[in-house]
Amino acid sequence: MIDRVIKNGIKQEGRNGITRSLLGEKMVFDLTKNKIPLITTKKLAWKTCLKELFWFMRGETNNKILKEQNVKIWNQNASREFLDSRGLYHLNEDDLGPVYGHQWRNYNGVYHNSELKSNGVDQLENIVKMLSDEKERNSRRIILNAWNPCQIHEMALPPCHILSQYIVKDNKLTTLLYQRSGDIGLGIPFNIASYSFLTHILAKHCNLEAKEFIHFIGDAHIYEEHVDSLNEQIKRKPYEYPKILIKNKHKSIDDYNLEDIEIKNYKYHNKINMDMKK
């Protein structure tokens, strides 16, 4: 995909720089036998990725919780300057508004000061209930939706990974994600890892087997500043994907944490530096 976008992507100046992009890209990742698709042509900060995922899963929207864990990926979008640029003067610095966690656990609920209140729809809990039920798990309606037009104006950043579907066939779980916009250099490797982690966790929790992650990207783009780094990256020969071990099964989906996850045999090439575009 990197090679296709660099060679054939349409150049366009957007909100935060010049990009090359292709539309409607698709990738499929095998999750059987405990495989986890952490990119190997450079180092992926998988613990950072997991900390953010658990933050989503618990319905959190306050960046201070991530900063306390040395996770910096939301810092630019949580700054006073950026919030003011979005007209969110009423939000305190580090309060991101009703972003992913709020929509996952309290969809369309009234938002107030990063506090989780149960006046909306707990989509993740509904998904767990359906996947745990032998009849309900065959449904084609197991959907997690982060795109809420009623509250986008309240968010520091509108969601990029907006809709995921969970399908069970023969007791095997497949996750399908539609992502409206994807920064291939920095964001996409995290998105692949995050939803693959989520698939494995849901499979463990609901007595299923993880089968695959299918990733659809509406606008798959590369920033011009990242082209040289990505050209270097695609010259590298990938290693085999590592394996994931989820050591515990908890009663509640809220209780999973970093200590429950072990990654085995993650071999990777050296880090490649790219600046994040906010």
Side-chain angles (χ1 to χ4, degrees), residues 12-19 21 45 48-125 144-164 177-188 190-191 194-195 198 217-219 221 223-226 254 274-278:
Q12 184 171 326
E13 186 165 3
R15 174 181 61 86
N16 53 2
I18 297 173
T19 60
S21 66
T48 296
C49 180
L50 265 175
K51 289 173 184 177
E52 182 195 41
L53 174 63
F54 292 134
W55 183 69
F56 293 156
M57 291 171 65
R58 295 190 182 103
E60 303 288 358
T61 59
N62 193 324
N63 187 51
K64 286 182 180 178
I65 295 169
L66 294 178
K67 288 164 80 172
E68 289 168 358
Q69 301 174 76
N70 198 33
V71 175
K72 304 174 183 178
I73 52 182
W74 283 89
N75 283 2
Q76 291 182 356
N77 299 117
S79 69
R80 181 75 268 155
E81 177 188 6
F82 188 82
L83 292 173
D84 288 351
S85 75
R86 289 274 293 156
L88 300 173
Y89 307 106
H90 64 288
L91 293 181
N92 295 325
E93 190 167 28
D94 283 322
D95 185 347
L96 291 155
V99 291
Y100 296 102
H102 182 82
Q103 303 305 330
W104 284 23
R105 304 308 305 267
N106 193 19
Y107 186 87
N108 209 37
V110 176
Y111 186 81
H112 180 69
N113 295 338
S114 304
E115 297 175 9
L116 180 62
K117 296 184 178 180
S118 56
N119 53 19
V121 178
D122 190 339
Q123 296 188 90
L124 183 58
E125 183 60 32
L144 179 62
N145 179 25
W147 187 263
N148 182 355
C150 298
Q151 294 187 319
I152 283 175
H153 65 285
E154 300 178 51
M155 303 179 193
L157 199 65
C160 292
H161 38 103
I162 62 176
L163 187 142
S164 52
L177 172 68
Y178 179 77
Q179 182 164 348
R180 65 170 179 85
S181 174
D183 168 9
I184 293 172
L186 289 176
I188 292 296
F190 256 63
N191 302 135
S194 184
Y195 279 85
L198 180 59
I217 309 168
D219 186 310
H221 55 266
Y223 290 98
E224 279 297 294
E225 298 93 323
H226 295 169
D254 299 331
M274 286 178 265
D275 292 330
M276 181 177 287
K277 305 287 285 187
K278 67 179 180 178

Minimal non-hydrogen separation, Gly109 against His102, with atom names: O-NE2, 2.9 Å
Spacing of CG belonging to Asn75 relative to CG belonging to Asp94, to within rounding of 0.5 Å: 7.0 Å
Any donor-acceptor N/O pair, Ser85 side chain to Phe82 backbone, under 3.5 Å: yes
OG1-CG distance between Thr48 and Leu53, expressed to the nearest 0.5 angstrom: 12.5 Å
With His221, the side-chain contact (heavy atoms from CB on, under 4.5 Å) member among Asp183, Ile184, Ile188: Asp183
Verdict with supporting geometry, Tyr111 and Leu91, side-chain contact (heavy atoms from CB on, under 4.5 Å): CA-CA 11 Å; Tyr111 186 81; Leu91 293 181; 4.3 Å; yes
Lys51 side-chain N/O to Gln69 backbone N/O, donor-acceptor pair under 3.5 Å: yes
Test ring pair (Phe, Tyr, Trp, His ring centres under 6.0 Å) applied to Tyr195 - qualifying residues, sequence neighbours left out: His161
Derivation and outcome, side-chain contact (heavy atoms from CB on, under 4.5 Å), residues Val99 and Phe56: CA-CA 9 Å; Val99 291; Phe56 293 156; over 6 Å; no
Nearest-0.5 Å distance that lies between atom OG1 in Thr61 and atom CD in Gln103: 10.0 Å
Nearest non-hydrogen partners of Gly182 and Ile217, listed with the distance: N-CG2, 3.9 Å
Check against side-chain contact (heavy atoms from CB on, under 4.5 Å), Trp147 and Leu163: CA-CA 7 Å; Trp147 187 263; Leu163 187 142; over 6 Å; no
Pairing residues for Arg80 by the salt bridge (charged side-chain N to carboxylate O under 4.0 Å, His left out) criterion, not counting sequence neighbours: Asp84
Side-chain donor or acceptor of Asn119 paired with backbone N/O of Val110 under 3.5 Å: yes
Pair Ile73-Phe190, side-chain contact (heavy atoms from CB on, under 4.5 Å): steps then yes or no: CA-CA 11 Å; Ile73 52 182; Phe190 256 63; 4.3 Å; yes
Rounded distance (nearest 0.5 Å) linking atom CE of Met155 with atom CG of Asn77: 13.5 Å
Expected output: side-chain Asn106 to main-chain Gly120 donor-acceptor under 3.5 Å: yes
Residue pair Gln123 / Asn145: nearest heavy atoms and the distance that separates them: NE2-O, 2.7 Å
Gln12 atom CD, neighbour heavy-atom count above 12 within 6.0 Å: no
Where Arg58 and Asp254 come nearest, the two heavy atoms and their spacing: NE-O, 3.0 Å
Shortest non-hydrogen contact between Ala156 and Leu83, atoms and distance: CB-CD2, 3.7 Å
Aromatic plane relationship, Trp55 with Trp74 - under 30° parallel, 30 to 60° tilted, over 60° perpendicular: tilted
Leu177 CG to Leu144 CG distance, which is reported to the nearest 0.5 Å: 9.5 Å
Glu81 CD to Glu93 CD distance, which is reported to the nearest 0.5 Å: 10.0 Å
Exam field: side chain Arg105 to backbone Met57, donor-acceptor pair closer than 3.5 Å: yes
Main-chain N/O of Leu157 paired with Arg86 side-chain donor or acceptor, under 3.5 Å: no
Heavy-atom closest contact (Ser181 atom, Cys160 atom, distance): O-CB, 3.6 Å
Side chain proximity check, Tyr223 to Leu186, heavy atoms < 4.5 angstrom: no
